[in-house]
There are 2 protein chains.
Amino acid sequence: MSDTNVNYRTCPIRQVISRFGDKWSLLVLYTLHMSDTGVLRFNELHHMMTDCSQKMLSATLKNLEQLHLIHREVYPVVPPRVEYSLTEMGKSLMPPVTSLIDWANQHFDDVVSNEVIV
Amino acid sequence: MSDTNVNYRTCPIRQVISRFGDKWSLLVLYTLHMSDTGVLRFNELHHMMTDCSQKMLSATLKNLEQLHLIHREVYPVVPPRVEYSLTEMGKSLMPPVTSLIDWANQHFDDVVSNEVIV
DNA sequence: CATAATTCCTACTTTTTGGTAACTATGATA
DNA sequence: TATCATAGTTACCAAAAAGTAGGAATTATG
């Protein structure tokens with residue numbers, strides 16, 4: 001095992017998963033990443049992620065902003081206009097995430113087909 | 001947005017996260033991956049992941065076995081001897097996971113230090 | 001015969017997560 | 001004056017995840 005630390009509190013993979021391994025965070029990041037301009041308004045995101053409630057989308061965005069993975073730009077107009085985009089750090093997360101997605105696309109049929117409970 | 005599908009049910013990243021984005025799965029896989037021999041017994045894993053309860057470790061291992069990401073080898077001896085190792089598919093998941101870990105090691109100080117609630 | 005070792009399982013409880021639906025604020029517009 | 005649009009918030013509730021503590025099975029050993 002050499003000196004690798006896989007303790008819950010200090011293991012880096014756990015640090016990642018515990019902070020944006022929730023139901024919606026990566027989906028928000030990925031949606032922004034895949035958008036044409038890289039900038040999306042609240043309702044645009046919401047319409048692209050129809051099964052995410054306003055409440056969860058709002059909470060997820062707030063969390064990601066606190067982690068400095070997305071940037072929130074507010075325009076003082078009525079009705080309000082708020083635009084979200086990836087920060088540089090958010091962008092830097094996309095290659096690892098994309099490699100995970102690639103793996104999923106290659107292997108996940110096997111995984112899912114072997115499941116007892118779907 | 002072109003034709004990219006970010007719907008919860010069909011998005012690949014969600015398929016990944018929903019199946020082994022839980023509290024312990026990646027930690028188990030990573031622990032096996034980093035072990036000297038690639039094979040660990042139940043109690044060895046448990047001692048390496050002290051803050052994972054027996055119940056959760058057992059449930060996590062069962063889940064990963066059903067997903068064909070780990071192999072479970074039972075030796076008919078008393079007291080029981082059960083050895084866990086990564087399958088080929090499990091091994092194929094490690095490069096993407098490792099790239100995520102590398103990202104975490106490079107960037108996570110920034111992320112954590114910006115958090116309000118730790 | 002009591003104990004130990006190993007790998008679990010089960011019942012119970014607590015904590016966390018997520019969903020629904022209604023509400024807020026603002027100013028333009030009909 | 002009522003309505004609309006946007007970007008949320010809030011209260012309430014249900015479900016899922018996870019923790020705790022104890023039990024079960026087997027056989028060798030003292």
Side-chain angles (χ1 to χ4, degrees), chain A residues 7-9 11 14-28 31-32 35 39-67 70-85 115-118, chain B residues 7-9 11 14 16-28 31-32 39-67 70-85 115-118:
Chain A
N7 179 273
Y8 173 85
R9 299 186 65 85
C11 165
R14 189 84 286 277
Q15 296 292 314
V16 175
I17 294 294
S18 70
R19 285 185 175 75
F20 44 87
D22 59 33
K23 196 167 180 180
W24 301 113
S25 289
L26 284 179
L27 202 48
V28 166
T31 303
L32 287 171
S35 72
V39 179
L40 290 174
R41 299 179 64 178
F42 184 89
N43 272 346
E44 290 175 325
L45 273 166
H46 191 218
H47 288 141
M48 288 167 166
M49 299 167 53
T50 47
D51 39 12
C52 178
S53 66
Q54 276 189 328
K55 170 194 162 183
M56 288 315 297
L57 181 55
S58 175
T60 303
L61 289 166
K62 190 183 286 186
N63 178 49
L64 292 174
E65 191 197 359
Q66 272 184 3
L67 296 173
I70 63 173
H71 171 70
R72 182 173 182 268
E73 185 79 33
V74 184
Y75 297 90
V77 295
V78 170
R81 174 181 193 87
V82 181
E83 290 181 346
Y84 294 94
S85 55
E115 273 182 303
V116 174
I117 301 164
V118 180
Chain B
N7 178 274
Y8 172 84
R9 298 185 65 85
C11 165
R14 190 85 287 275
V16 175
I17 294 295
S18 70
R19 284 184 176 76
F20 43 88
D22 59 34
K23 197 168 179 179
W24 301 113
S25 289
L26 284 180
L27 201 49
V28 165
T31 304
L32 286 171
V39 179
L40 289 173
R41 299 179 64 179
F42 183 88
N43 272 346
E44 289 175 326
L45 274 166
H46 191 220
H47 287 140
M48 287 166 165
M49 301 168 53
T50 47
D51 38 13
C52 178
S53 67
Q54 277 189 330
K55 170 193 165 184
M56 290 313 298
L57 181 55
S58 176
T60 302
L61 289 168
K62 189 185 286 185
N63 178 49
L64 293 175
E65 192 198 358
Q66 272 184 3
L67 295 174
I70 62 173
H71 172 69
R72 181 173 184 266
E73 184 80 33
V74 184
Y75 297 90
V77 294
V78 170
R81 174 182 192 89
V82 181
E83 289 182 346
Y84 295 93
S85 55
E115 273 182 302
V116 174
I117 301 165
V118 180

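Below, read A as the first sequence line, B as the second, and so on, with proteins coming before strands; counting in each chain starts at 1.
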| query | Whole-Å distance between D:dA21 P and B:Met56 CE? | reply | 17 Å
| remark: side-chain hydrogen bond (donor to acceptor under 3.5 Å, both in side chains) filter on A:Ser85, not counting sequence neighbours, yields none
| What's the CE-P distance between B:Met49 and D:dA18, to the nearest Å? | 11 Å
| Within-4.5 Å side-chain heavy-atom neighbours: B:Asp22 and B:Asn63 | yes
| remark: On a heavy-atom basis, the closest approach of B:Phe20 and B:Leu26 is O-CG, 3.6 Å
| Nearest-Å distance for atom pair CG/P, residues A:Asn63 and C:dT16 | 15 Å
| query | How many Å lie between CG on B:Leu45 and C1' on C:dT6, as a whole number? | reply | 14 Å
| request: Using the test salt bridge (charged side-chain N to carboxylate O under 4.0 Å, His left out), find all partners of B:Glu73 that sit at least two apart in sequence or belong to another chain. | output: none
| Looking at B:Gln54 and B:Phe42, what are the two nearest heavy atoms and their distance? | O-CZ, 3.9 Å
| query | Considering residues at least two apart in sequence or located in another chain, which fulfil the salt bridge (charged side-chain N to carboxylate O under 4.0 Å, His left out) criterion with B:Glu83? | reply | B:Arg81
| request: Rounded to the nearest angstrom, tell me the gap between atom CD in B:Glu73 and atom P in C:dT7. | output: 14 Å
| task | Grab the CZ-C1' distance between B:Arg14 and C:dG18 for me, whole Å please. | result | 12 Å
All N/O contacts under 3.5 Å from nucleotides 6-11 of chain D to the protein, with atom names and distances to one decimal?
from  : atom 1 : to      : atom 2 : distance (Å)
D:dT6 : O3'    : A:Arg41 : NH2    : 3.0
D:dT6 : O3'    : A:Pro80 : O      : 2.8
D:dA7 : OP1    : A:Arg41 : NE     : 3.0
D:dA7 : OP1    : A:Arg41 : NH2    : 3.1
D:dA7 : OP1    : A:Val82 : N      : 3.3
D:dA7 : OP2    : A:Asn43 : N      : 3.3
D:dA7 : OP2    : A:Asn43 : ND2    : 3.4
D:dG8 : OP1    : A:Arg72 : NH2    : 2.5
D:dG8 : OP2    : A:Tyr84 : OH     : 2.5
D:dG8 : N7     : A:Gln54 : OE1    : 3.2
D:dG8 : N7     : A:Gln54 : NE2    : 3.4
D:dG8 : O6     : A:Gln54 : OE1    : 3.1
D:dT9 : OP1    : A:Lys62 : NZ     : 3.1
D:dT9 : OP2    : A:Ser58 : OG     : 2.5

| query | Looking at side-chain heavy atoms only, is the closest gap between B:Ile17 and A:Trp24 below 4.5 Å? | reply | no
| query | Any side-chain heavy-atom pair from B:Cys52 and B:Leu27 closer than 4.5 angstrom? | reply | no
| request: Take the C1' atoms of the five end pairs on each side of the helix from C:dC1-D:dG30 to C:dA30-D:dT1, get both axes, and report the angle to 10 degrees. | output: 40°
| d(CZ, B:Arg19; P, D:dA17) in whole Å | 13 Å
| Nearest-angstrom distance from the residue atom CG of A:Asp22 to P of D:dA18 | 13 Å
| Can you list the residues that meet the salt bridge (charged side-chain N to carboxylate O under 4.0 Å, His left out) rule with B:Arg72, with sequence neighbours excluded? | none
